[in-house]
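Remarks on the structure that follows.
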Amino acid sequence: MQDWQRTHTCGALRAEHIGNDVVVNGWVRSVRDHGDLVFVDLRDRTGMVQICADASSASGLHDTLAGVKPESVLSIRGIVRRRRPGMENPRLETGSVEIAVTRVDTLNQCRQPLPFQLNDEAQMSLVNEELRLRYRYLDLRRPRLYEMLKLRHEVITSIRSFLNREGFLEIETPLFTRSTPEGARDYLVPYRLEPGLFYALPQSPQQYKQLLMVGGVERYYQIARCFRDEAQRADRQPEFTQLDLEMSFVTQDDILNLTEALTIELITTHSTKTLGSRPFTRLTYDEAIARYGTDKPDLRYGLELRDLNHLFQDTGFSVFRDTIESGGFVRGLIYPGGAGLSRKNLDDLTRFARQIGAKGLVHLAWATDSDSEAPVLQGPAARHLTADEARSLVRAMGAKPGDLILAVADSFRVASAVLGRLRCEIARHLSLAPRDVLHFCWVTDFPLVEWSEDEQRWDASHHPFTMPHLEDLEYLESDPGRVRAQCYDIVCNGIEWGSGSIRIARADIQSRVFALLGISQEIQQERFGHMLEAFAYGAPPHGGIAPGIDRLIMLLTDNDNIREVMAFPKIGGGGDPLMGAPAPVDASQLAELGLQIVPRARDSVHGGDPGSNDRA
RNA sequence: GGGGGCGUAGCUCAGUUGGUCAGAGCGCCGGCCUGUCACGUCGGAGGUCGCGGGUUCGAGUCCCGUCGCUCCCGCCA
């Protein structure tokens, strides 16, 4: 053992170590120089301990210590001693003791100044994220980041332990695979041996896991990296991690029950948060849209949507009547206590509704000095409603005096979507969602296909291998829109955490679905021939699910930014400011791959702006 | 592809109608300080106001363009 090597970790020292001759290694968090007395806080991943030197008892060492720079790496030898009475620091685990230094080894002096003050959490929460990611190795020294990485590791460990107990095999699948034009844009990898051919990075291991089922594995899982070249959001990254799992000889309920048991174990083990419901609430897709206006409802609060068509069939208010006559819907939502909202607040809500696609937003404030027998409603639409209509409206909505009733008249889809978004907005304004509750629910029975206006064809709402409900099979050709899929999402607090389905394991059904999706025999064979062929050799009934690991850690740590729960995330355009990726490659590499770069018409390939953001 | 926000010292920010507006806090450098833990205190250095162009006697400020980050819509089977 080298004499600089530690005998204890910084965070481990306690009163019981008083008198011990110890060596600790770590990073300097701060230096407090009092002239003839100097304190250094030394930090490793286990915690922090105070080092103390004074001029009389340790003169050369005192000078060394006083000159050391924050974030330098030191080895400190010394005697653990009790702090003087009144000088204990209750905010430190090691706060009852300190180390009286007898030797200082500077293992690595830190260059100054630092790009940001990583010992100041208040400031770090404001520091430009690109800068933090460019110096991610410094950012990661913050205890908060270490705790996140540790939690992520422990959650994944629990997942493995649970699924191993349940008889699953963890199996790796290839990262170099073939492009499938469905779904998101692929990341492509050129094939050197035959220019013009490309691998694609998998958007998910979907096809491989199904082939594992055909291969008789029966229970598979993987902590799988997935790649999608799509626009980013606060909760999306070009590469992200899913718990991918698949099971054979199971029904939808088997998968839901297993996933639910796993989820409950993860939450109760790794969080102090309360589960919103046990067993998890189950909603069909139709119910979710009808009650919450979205297929990923936040169930931590009520505020359900209501249908109002039956009240306004013959109303004199033409906006409502015309919508209903032309097959549309009038739907409503309550803003509790919202009658007192200012004109500006109401304008903001209306603008918000328009932004999402509503033609307008009807708002009716119930004056507090009127009762439910003769409710006085105020708002631009109020004069169009009869007293009877006002009375039945407040009853149907379950409103109270002082509430604001919001209504949208449009197609069922648009009215629901707009009010669903307004529902979240209202809950945010009123802080209705408790931070310490995780309300998981299942949303089931999604439509198998959705009509795409853009492409004028039916589109798979999950993916083309999703099994229809057997009792709906007869409508597959005659009325595709009413066919429900054996498909499910697990949703938590308004966030889609994972989705899955029972897969089609019969070639005849698969062909009918492909036909519905407008995928010709030729295309079927070209793109999915390997799958169809596999299914013709004895495929077991199977299905699975893929919950997002990153999103789970976000939920557990109250982060709304996915970059905060990954060690080395990418910034907006998919760039990595630390590695400098993506980057140009040598002409010889391109030549070997048979690739030629065609500059964009607008600018040169690397015609960036030299004044900003260039790396040292 | 579209919309909003941001870009001034190492970091976080202020800078009004264009005219001592190149500023603050923290950090950094130097001095002093024996009980601090957001140490204190005295002094100092540090700026192509993202970049380019325009208007003007004069631009951090106004206009045009551009680059970057960020949030949202589209997109993400």
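Reminder, nothing fancy here: chain letters follow the sequence lines and each chain counts from 1.
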> Partner of B:rG44 by Watson-Crick or G-U wobble geometry, both contacts under 3.5 Å, or none?
Replying inline: B:rC28
>> Taking B:rU66 as the reference, what is the distance to B:rG58 when you measure between their C1' atoms (whole Å, please)?
In response: 25 Å
> Taking the six-membered ring for Trp, are the ring centroids of A:F227 and A:F240 within less than 6.0 Å of each other?
Replying inline: no
> What is the base-pairing partner of B:rU34, counting Watson-Crick and G-U wobble geometry with both distances under 3.5 Å?
Replying inline: none
>> Restricting to non-hydrogen atoms, name the atom on A:D445 and the atom on A:H469 that form the minimum distance, rounded to 0.1 Å.
In response: OD1-NE2, 2.5 Å
>> Reading RNA chain B from 5' onward, which residue's closest nucleotide shows up sooner: A:S204 or A:L131?
In response: A:L131
>> With a 4.0 Å limit, can you tell me whether A:R236 has a side-chain N or O closer than that to the phosphate oxygens OP1/OP2 of B:rC75?
In response: no
>> For a quick check of understanding: with a heavy-atom distance under 4.0 Å over all strands, which category does A:R421 fall into, base, sugar-phosphate or nothing?
In response: sugar-phosphate
> Which part of the nucleic acid does A:R185 contact within heavy-atom distance under 4.0 Å: base, sugar-phosphate only, or nothing?
Replying inline: nothing
> So what does A:R563 touch, heavy atoms closer than 4.0 Å: a base, only the sugar-phosphate, or nothing?
Replying inline: sugar-phosphate
> OP1 or OP2 of B:rC29 less than 4.0 angstrom from a side-chain nitrogen or oxygen of A:K69, does that happen here?
Replying inline: yes
> So what does A:D459 hit on the nucleic acid, given a heavy-atom distance under 4.0 Å: a base, only sugar-phosphate, or nothing?
Replying inline: nothing
> Which pairs, with at least one residue in residues 513-524 of chain A and sequence neighbours excluded, count as a salt bridge (Lys or Arg N to Asp or Glu O under 4.0 Å)?
Replying inline: none
>> The criterion is salt bridge (Lys or Arg N to Asp or Glu O under 4.0 Å); which residues satisfy it with A:R512, sequence neighbours excluded?
In response: A:E477
> What residues form a side-chain hydrogen bond (donor to acceptor under 3.5 Å, both in side chains) with A:K69, not counting sequence neighbours?
Replying inline: none
> Side chains of A:S96 and A:E88: is there a donor and an acceptor less than 3.5 Å apart?
Replying inline: no
>> Measuring only the C1' atom in each nucleotide, how far is B:rA9 from B:rG50? A whole number of Å is fine.
In response: 15 Å
> When rounded to the nearest Å, what value does the distance between P atoms of B:rG15 and B:rG7 take?
Replying inline: 10 Å
>> Taking only side-chain N and O atoms of A:R83, does any of them lie within less than 4.0 angstrom of OP1 or OP2 on B:rC37?
In response: no
>> Say we look at B:rC28 and B:rC39: how far apart would their P atoms be, to the nearest angstrom?
In response: 10 Å
> Considering Watson-Crick and G-U wobble pairs with both distances under 3.5 Å, what does B:rU61 pair with?
Replying inline: none
> Considering only the C1' atoms, how many Å lie between B:rG25 and B:rG2, rounded to the nearest integer?
Replying inline: 39 Å
>> Among residues at least two apart in sequence or on other chains, which ones pass ring-ring contact (aromatic ring centres under 6.0 Å, His included) with A:F446?
In response: A:Y285
>> If the condition is side-chain hydrogen bond (donor to acceptor under 3.5 Å, both in side chains), which residues does A:R45 pass it with, not counting sequence neighbours?
In response: A:Y146
>> Between P on B:rG27 and CD on A:Q123, what's the gap in Å once rounded to a whole number?
In response: 9 Å
> Taking any strand in view, what nucleotide pairs with B:rG68 in a Watson-Crick or G-U wobble way, both distances under 3.5 Å?
Replying inline: B:rC6
>> Quick check for you: among B:rG10, B:rC76, B:rC39, whose closest atom lies nearest to any side-chain atom of A:R228?
In response: B:rC76
> Under the 3.5 Å rule, do the base of B:rG10 and the side chain of A:Q112 count as making a donor-acceptor pair?
Replying inline: no
> So what does A:R43 hit on the nucleic acid, given a heavy-atom distance under 4.0 Å: a base, only sugar-phosphate, or nothing?
Replying inline: nothing
> Taking the same atom, C1', in B:rC26 and in B:rA38, what whole-Å distance lies between them?
Replying inline: 10 Å
>> Within the 3.5 Å criterion, strictly below it, is a donor on A:D298 or A:Y292 matched to an acceptor on the partner's side chain?
In response: no
>> Taking B:rU8 as the reference, what is the distance to B:rG52 when you measure between their P atoms (whole Å, please)?
In response: 15 Å
> A:P115 near the nucleic acid: base, sugar-phosphate alone, or nothing, with a heavy-atom cut-off under 4.0 Å?
Replying inline: sugar-phosphate
> Paired with B:rA22: which nucleotide, if any, by Watson-Crick or G-U wobble criteria at under 3.5 Å for both distances?
Replying inline: none
>> Any base atoms under 4.0 Å from A:E88, or only sugar-phosphate, or nothing? Heavy atoms, all strands.
In response: base
>> Both A:K570 and A:Q207 contact RNA chain B. Taking the nearest nucleotide for each, which residue is further toward the 5' end?
In response: A:K570
> Has the side chain of A:R111 got a donor or acceptor atom sitting under 3.5 Å from an opposite partner on the base of B:rC28?
Replying inline: no
> What is the distance, rounded to the nearest whole Å, between atom CZ of A:F352 and atom P of B:rC73?
Replying inline: 9 Å
>> So if I take residues 89-96 of chain A and measure heavy-atom distances to RNA chain B, which residues fall below 4.0 Å?
In response: A:N89, A:R91
> Judged by modelled atom types alone, do A:Q222 and A:T173 share a side-chain donor-acceptor pair under 3.5 Å?
Replying inline: yes
> Which is true for A:S461 with a 4.0 Å heavy-atom rule: it touches a base, it touches only sugar-phosphate, or it touches nothing?
Replying inline: sugar-phosphate
>> Can you check the distance between B:rA59 and B:rC42, where both ends of the measurement are the P atom (answer in whole Å)?
In response: 39 Å
>> Suppose we call a contact any N or O donor and acceptor under 3.5 Å apart; does that hold for the side chain of A:E130 and the base of B:rU70?
In response: no
> Out of B:rC28, B:rU36, B:rC11, which has the shortest distance to the side chain of A:Q117?
Replying inline: B:rC11
>> Under 4.0 Å, counting only non-hydrogen atoms across every strand here, what does A:E98 touch: a base, just sugar-phosphate, or nothing?
In response: base
> With sugar-phosphate meaning primed atoms plus P, OP1 and OP2, does A:A234 contact a base, only sugar-phosphate, or nothing at under 4.0 Å between heavy atoms?
Replying inline: sugar-phosphate
